[in-house]
Amino acid sequence: MAAPSLPITSLPPHHRVSLSPATSSITVNNGRYFSNHPTILLANQCSNSKQLKQIHAQMLRNGLFSDPFSASILVSAFAFSPLQDVDYAHKLFDQIPKPNIYTWNALIRAYSSSQVPIQSLSIFTQMLYRSDEVLPNKFTYPFVIKAASELLDMRLGEVLLGMAIKMSLGSDVFILNSLIHFYSSCKCLNSAYRVFLNIPTKDVVSWNSMITGFAQGDRPDEALKLFHEMQGESFRPDKVTMMSALTACTKKLDLTTGRWVHSNIKRYGIKESLNLNNALLDMYTKCGSLEDAQNLFDKMPEKDIVSWTTMVVGYAKSGDYITARKHFNTMPNQDIAAWNALISSYEQSGNPKQALAIFNELQVSNKAKPDSVTMVSTLSACAQMGAMDMGGWIHVYIKKHGFNLTCHLTTSLIDMYSKCGDLNKALEVFNSVDRDKRGVFVWSAMVAGFAMHGCGRDAIELFKKMEENNVKPNSVTFTNLLCACSHSGLVSEGRDFFKKMENVYGVVPGVKHYACMVDMLGRAGHLDEAMELINSMPMPPLASVYGALLGACKLHGNVEIAEEASSRLIELEPWNHGAYVLLSNIYAKFGKWEKVAMLRKRMKDIGLKKEHGCSSIEIDNRLHEFIVGDNSHPQSEIIYEKLNEIFEKLKLIGYEANRSQVLQCVEEEDMQEHALHLHSEKLAIAFGLISLKNSQPIRVMKNLRVCKDCHNVAKMISKVYDKEILLRDRYRFHHFKDGDCSCKDYW
DNA sequence: ATCAGCAGCC
């Protein structure tokens, strides 16, 4: 739509020729500048930047622009008004021969909170070059320090501080407050706190900045402690204080303290505002009290899209999808963020199917334009489900709509293709990224891809290439790398990387890395070494560590360590049915039936059920799911016929059911073989054999680890039917071909 | 004139 023109020609003619700017008086009000000069007055009535540009034209014509004072007002108008156009302000600025300090600061400030904070510094540098004209003042520093915070440039911030000190501005409270924010952004909370302590006369912003720093820097306890202290020193908290205190409660998931902060807001008579209410909603939903959230929400005089989205996410994450949806439907207009909230809630709570359904709905309804966040969540959902066709379609969609291949998006694509079993496609995406644009996450995602496909050597090669490209590995990279060594049984390499990660690369091993090592050592039969490693851990071992140990015990049949590991595991995670199942598997292997029965009783007593196995296969864009003994599929009859045919053929080449893992599930002898035959992955493979063309591999996804018998059967099918089978289980891929598996039976 | 603050992402 064209902007309405301003009646420039109707201005009295004398404004075009003579002017006396010195007589114009200026007042400031909320960032809008008033002058008694009619042209400047007009600048304030502009409702879009085109009109403002017309004012510029007018000022050029009447000569007003050559007055630095008036020009600076125009620069400010472009820099700050709701019609902000910083680049235009910059262009104007460049045309002012000798801008005053006020104008310099205006531009530096505008850039410091723009998309390109580095520009702020470039202007600042120019300012220093022209030190004969103008010098930075106490207003300049807070802005440039803010830019340094945005850039997370530690050195720069300290240089700026040094300059401020040289100018005797070292105790300016505004500058020091900015510095607290700066150090906090750079994750140097201790330095921030030191600055805070040394401010001689703290104001409320000093307190707020420090509380915010702690709250956002994952030190919520200290934030709340400071909140108390502040009141002890009779500082009156304001609404920003309250927002940060709420952030701290949210981080801690501490509902009690959250409620207490809420009561403080009322006690101090802090005026209710939309932002504050939104922060309260966020706290209540994240701390798990949807009742409190709903109560507040119902009473809020004003709601915006953030309020609604918070409620939608709150309900969706709590598993109450019906209420989530109800809120979503009631909100006045669903922007893409709201859609994303719904999609990612589903995706992250393990409901990828629902996530895709919502994405589909978004597509059909055409109510909002998907953005890159939508793509990331949707790809994640595809990855979880192993929905390759859908994932490929999203990839095409991304290309077609010209999405920027951000680091997030690239990793999501690599992850999706890897988890859907197409390592080549994953590599294609990886290779398509410019060498110098491959961030550490992109490299790590590719290492993970190799890891899950059992290509340990390739993972290590890639890691070396990454080093050659001067990309510094992080904690994620090492988790993936160690995982790769573990899956491929590269024990000595794994040990080596584990040693080097801290010494050479400066990455301190975390629980995840220990879990990988325990898995790797245990799997390879070094149970004692694994135990030793656990005992030497500097942090308490998490469930994943004992889980890995337990898995190894099952593989190598060690009852004593298994009992120890599982009791620790159950201590940590009483609801972990995997621990019970694994232990009872081990007991069964040694014929300790009374112990099996005891375990089963205990599971029953505390209401734990074995997670049932489920396998899925995607045929022509549709996902088909099977559970054990399933006959709900429309083609069920044909599937079972095929299954019978398979077993007849396999028996001819010497197949015999391996029952070691079902003994504890089904006691009646003759039932065992039957149940084995009906494992979900076998049903899915049989269905794949019926439905797919000869050249297409069968891709099956399973939620649990594949059992030994199914593994064996899949190998044989791949030979007898000359068919490739890709089976993804809970931990990795098995690639069956010509009677062998890519895991080389090491899993 | 300045500094601090709310939803969605591997």
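The chains referred to below are lettered A, B, ... by the order of the sequence lines, with proteins before strands, and numbering in each begins at 1.
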Checklist line | Rounded interatomic separation in angstrom, taking CD1 from A/Ile265 and P from B/dC6 | finding: 14 Å
Checklist line | Closest to side chain of A/Val306, choosing from B/dC6, B/dC9, B/dC10 | finding: B/dC6
Checklist line | Closest to side chain of A/Tyr102, choosing from B/dA1, B/dA4, B/dG5 | finding: B/dA1
Margin query: I need the full list of ring pair (Phe, Tyr, Trp, His ring centres under 6.0 Å) pairs touching residues 210-231 of chain A, with sequence neighbours left out, sorted by first then second residue.
Written below: A/Tyr193-A/Phe214, A/Phe227-A/Trp260, A/His228-A/Trp260
Note to self: If I take atom CG in residue A/Asp415 and atom P in nucleotide B/dC9, what distance separates them, rounded to the nearest angstrom?
What the structure shows: 15 Å
Notebook entry, point to check: Does the side chain of A/Lys286 get closer than 4.0 angstrom to OP1 or OP2 of B/dG8 through an N or O atom?
Noted result: yes
Next item on the list: Starting at atom CG of A/Asn275, determine the distance to atom C1' of B/dC6, rounded to an integer number of angstrom.
Entry: 5 Å
Note to self: If I take atom CG in residue A/Asn277 and atom P in nucleotide B/dA7, what distance separates them, rounded to the nearest angstrom?
What the structure shows: 14 Å
Next item on the list: For A/Asp304, report the nucleic acid contact type (base, sugar-phosphate, nothing); a contact means any heavy atom under 4.0 Å.
Entry: nothing
Next item on the list: Please work out which of the three classes, parallel, tilted or perpendicular, describes the rings of A/Phe93 and A/Trp104, given edges at 30° and 60°.
Entry: perpendicular
Notebook entry, point to check: In whole angstroms, how far is the P atom of B/dA1 from the CD1 atom of A/Ile101?
Noted result: 15 Å
Next item on the list: Taking A/His327 for its side chain and A/Thr323 for its backbone only, find out whether a donor-acceptor pair lies under 3.5 Å.
Entry: yes
Checklist line | Below 4.0 Å: OP1/OP2 of B/dC6 and any side-chain N or O of A/Gln216 | finding: yes
Notebook entry, point to check: Between B/dA4, B/dA7, B/dC3, which nucleotide has the shortest distance from any of its atoms to the side chain of A/Pro142?
Noted result: B/dC3
Checklist line | Within 45° cone of A/Phe174 ring axis and under 6.0 Å: A/Lys138 NZ or CZ | finding: no
Notebook entry, point to check: Between B/dC3, B/dA7, B/dT2, which nucleotide has the shortest distance from any of its atoms to the side chain of A/Val205?
Noted result: B/dC3
Note to self: Using modelled atom types and a 3.5 Å cut-off, is there a donor and acceptor pairing between side-chain atoms of A/Asn404 and backbone atoms of A/Thr406?
What the structure shows: no
Next item on the list: Nearest whole angstrom, please: distance from the P of B/dG5 to the CZ of A/Phe227.
Entry: 16 Å
Next item on the list: For DNA chain B, determine which residues of residues 176-192 of chain A have any heavy atom closer than 4.0 angstrom to one of its atoms, and list them numerically.
Entry: A/Asn177, A/Ser178, A/His181
Checklist line | Donor-acceptor under 3.5 Å (A/Asn177 side chain, A/Val173 main chain) | finding: yes
Checklist line | Nearest-nucleotide pick for A/Thr411, side chain only, options being B/dA4, B/dG8, B/dC10 | finding: B/dC10
Check: How is A/Asp371 classified with respect to the nucleic acid when contacts are heavy atoms under 4.0 Å: base, sugar-phosphate, or nothing?
Finding: base
Note to self: From C-beta outward on A/Asp282, which listed nucleotide comes closest to its side chain: B/dA7, B/dT2, B/dC10?
What the structure shows: B/dA7
Notebook entry, point to check: Do A/Arg236 and A/Tyr268 meet the cation-pi criteria used here (NZ or CZ under 6.0 Å from the six-membered ring centre, within 45° of the axis)?
Noted result: no
Notebook entry, point to check: Quick one: do the A/Gln294 and A/Tyr315 side chains pair a donor with an acceptor below 3.5 Å?
Noted result: yes
Margin query: Tell me the interatomic distance from A/Met311, atom CE, to B/dA7, atom C1', rounded to whole angstroms.
Written below: 13 Å
Margin query: Counting the atoms with a prime plus P, OP1 and OP2 as sugar-phosphate, which does A/Ala337 contact under 4.0 Å by heavy atoms, base, sugar-phosphate, or nothing?
Written below: base
Check: Whole-Å distance between B/dA4 C1' and A/Ile211 CD1?
Finding: 10 Å
Note to self: From C-beta outward on A/Phe174, which listed nucleotide comes closest to its side chain: B/dG8, B/dC9, B/dC3?
What the structure shows: B/dC3
Margin query: Is it true that A/Tyr321 and A/Asn351 share a donor-acceptor pair across their side chains at a distance under 3.5 Å?
Written below: yes
Notebook entry, point to check: Any idea which of B/dG8, B/dT2, B/dC6 is nearest the A/Thr247 side chain?
Noted result: B/dC6
Next item on the list: For the residue pair A/Asn190 and A/Arg194, confirm or rule out a side-chain donor-acceptor distance under 3.5 Å.
Entry: no
Item checked: Within residues 233-246 of chain A, residues whose heavy atoms come under 4.0 Å of DNA chain B -> A/Asp238, A/Lys239, A/Val240, A/Met243
Notebook entry, point to check: Among B/dG5, B/dC10, B/dA7, which nucleotide sits nearest the side chain of A/Glu347?
Noted result: B/dC10
Notebook entry, point to check: Is atom NZ of A/Lys252 surrounded by more than 12 heavy atoms (other residues, nucleotides or ligands) closer than 6.0 Å?
Noted result: yes
